[in-house]
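So the structure is just underneath, and the comments pick up after that.
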Amino acid sequence: MDHADLLDELHSIRRRTNADLASGAWRWLTLWAGVCFGFLSTLVIPPLHPASRRYWLYALPLGLAGTVIVDAFNKRADRRVRRNDWPYVATTLAMVVATTGASLVLPGRGMLVWLWIVLAAGFGTLLTLDGERTLGRAFGGLTLVFAVVAPFTVDATTTSIAFGTVVVAALVAAALIGHRGWSR
């Protein structure tokens with residue numbers, strides 16, 4: 001085997017390994033963009049305002065169930081590289097505890113802003129775990145911007161709508177980038 005054949009074989013192995021490691025994150029990103037958009041709609045559309053109080057009570061379990069289904073679909077793919085699930089479970093539980101716990105401590109309107117900070121941080125962590133480091137860093141940067149801006153906000157609802165719009169747009173953009181394979 002000459003050097004050119006060996007180099008071609010190494011490139012082939014690299015492509016197959018990258019395909020095995022491809023996260024399929026765009027599926028759950030799309031799902032959560034829809035979930036977050038639903039909450040954003042309850043804040044923006046006046047007749048839906050009463051639904052915003054109980055939205056996450058129903059949307060969170062449905063979103064988590066949808067994520068489990070999407071993840072099971074991804075695992076059925078013929079992959080030679082497996083991942084450990086506990087970091088994903090721990091991150092998701094941290095997101096649930098951070099939002100649920102904060103709802104007991106923070107004033108009602110403050111929770112609207114905190115929610116988006118937690119979601120951006122959680123999605124960034126999950127993307128990083130999925131090997132989407134660039135997208136994970138982008139969500140990490142978004143988290144920092146939200147955390148810096150949040151203390152200076154006057155109207156929590158308007159800030160929540162702005163943060164939510166940015167998170168939904170970032171989720172959709174990240175899903176498109178991941179689906180097209182542009183992020184690696």
Side-chain angles (χ1 to χ4, degrees), residues 10-44 55-56 59-60 62-96 98-99 113-150 159-184:
L10 286 173
H11 285 299
S12 173
I13 291 169
R14 182 175 181 223
R15 280 192 302 274
R16 286 192 312 248
T17 302
N18 283 341
D20 286 343
L21 291 171
S23 66
W26 66 271
R27 290 179 178 96
W28 65 261
L29 288 165
T30 304
L31 172 80
W32 281 100
V35 170
C36 291
F37 181 76
F39 181 67
L40 198 56
S41 298
T42 67
L43 296 177
V44 174
Y55 180 83
W56 290 105
L60 189 62
L62 289 174
L64 291 173
T67 303
V68 168
I69 291 167
V70 164
D71 191 49
F73 176 76
N74 283 341
K75 283 184 180 179
R76 286 204 328 230
D78 181 27
R79 290 190 180 173
R80 292 170 292 278
V81 178
R82 299 287 178 215
R83 67 165 197 209
N84 193 354
D85 286 339
W86 77 263
Y88 294 87
V89 172
T91 301
T92 304
L93 286 175
M95 291 169 71
V96 171
T99 53
V113 175
W114 174 252
L115 170 75
W116 299 112
I117 295 170
V118 170
L119 290 176
F123 292 146
T125 303
L126 291 170
L127 282 164
T128 301
L129 288 171
D130 264 359
E132 301 287 352
R133 287 175 188 81
T134 303
L135 294 173
R137 286 184 192 120
F139 273 88
L142 197 59
T143 303
L144 289 175
V145 168
F146 287 175
V148 168
V149 170
T159 303
S160 182
I161 291 168
F163 284 7
T165 302
V166 171
V167 168
V168 169
L171 287 169
V172 169
L176 286 172
I177 289 168
H179 179 61
R180 300 278 186 210
W182 296 332
S183 62
R184 290 186 183 252

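Excluded from the calculations below are hydrogen atoms, water molecules and symmetry mates; all remaining heavy atoms, backbone and side chain alike, are included.
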Q: Could you tell me which non-hydrogen atom of A170 sits nearest to which non-hydrogen atom of L142, and how far apart they are?
A: CB-CD2, 4.1 Å

Q. If we only count heavy atoms from C-beta on, is the C36 to F123 side-chain gap below 4.5 Å?
A. yes

Q | Point-to-point distance, once rounded to the nearest 0.5 Å, from OG1 of T91 to CH2 of W86 | A | 8.0 Å

(Q) If you define the side chain from C-beta out and look only at heavy atoms, does anything of L29 sit under 4.5 Å from L127? (A) yes

Q) How far apart are the C-alpha atoms of L171 and F139, what are their side-chain angles, what is the distance that settles it, and do they pass the side chain to side chain contact (heavy atoms under 4.5 Å, CB included) test? A) CA-CA 9 Å; L171 287 169; F139 273 88; 3.8 Å; yes

Q.
Among W32, Y88, W28, exactly one meets side-chain hydrogen bond (donor to acceptor under 3.5 Å, both in side chains) together with T67. Which residue is that?
A. W32

(Q) Using every non-hydrogen atom in the two residues, find where A150 and V113 come nearest and quote the distance to one decimal. (A) CB-CG1, 3.6 Å

Q | Sub-4.5 Å side-chain heavy-atom contact between W26 and L31 | A | no

Q.
To the nearest 0.5 Å, what is the distance between CD1 on I177 and CG on L135?
A. 5.5 Å

Q | Intermediate values then yes/no, side chain to side chain contact (heavy atoms under 4.5 Å, CB included), V166 and F146 | A | CA-CA 10 Å; V166 171; F146 287 175; 4.0 Å; yes

**Q.** Inter- and intrachain pairs under side chain to side chain donor-acceptor pair (under 3.5 Å), touching residues 138-147, at least two apart
**A.** none

Q: Verify the distance criterion only: is there a donor paired with an acceptor across the side chains of W116 and S160 at less than 3.5 Å?
A: yes

(Q) Within this structure, what is the CD1-CG distance for the pair I69 and L64, rounded to the nearest 0.5 Å? (A) 11.0 Å

Q) Would you say Y55's side chain and V35's backbone share a donor-acceptor pair under 3.5 angstrom? A) yes

Q: Please examine the side chains of L126 and M95, heavy atoms only from C-beta on, and report whether any two atoms are closer than 4.5 Å.
A: yes

Q) Does atom CH2 of W56 have more than 12 heavy-atom neighbours, drawn from other residues, nucleotides or ligands, at distances under 6.0 Å? A) yes

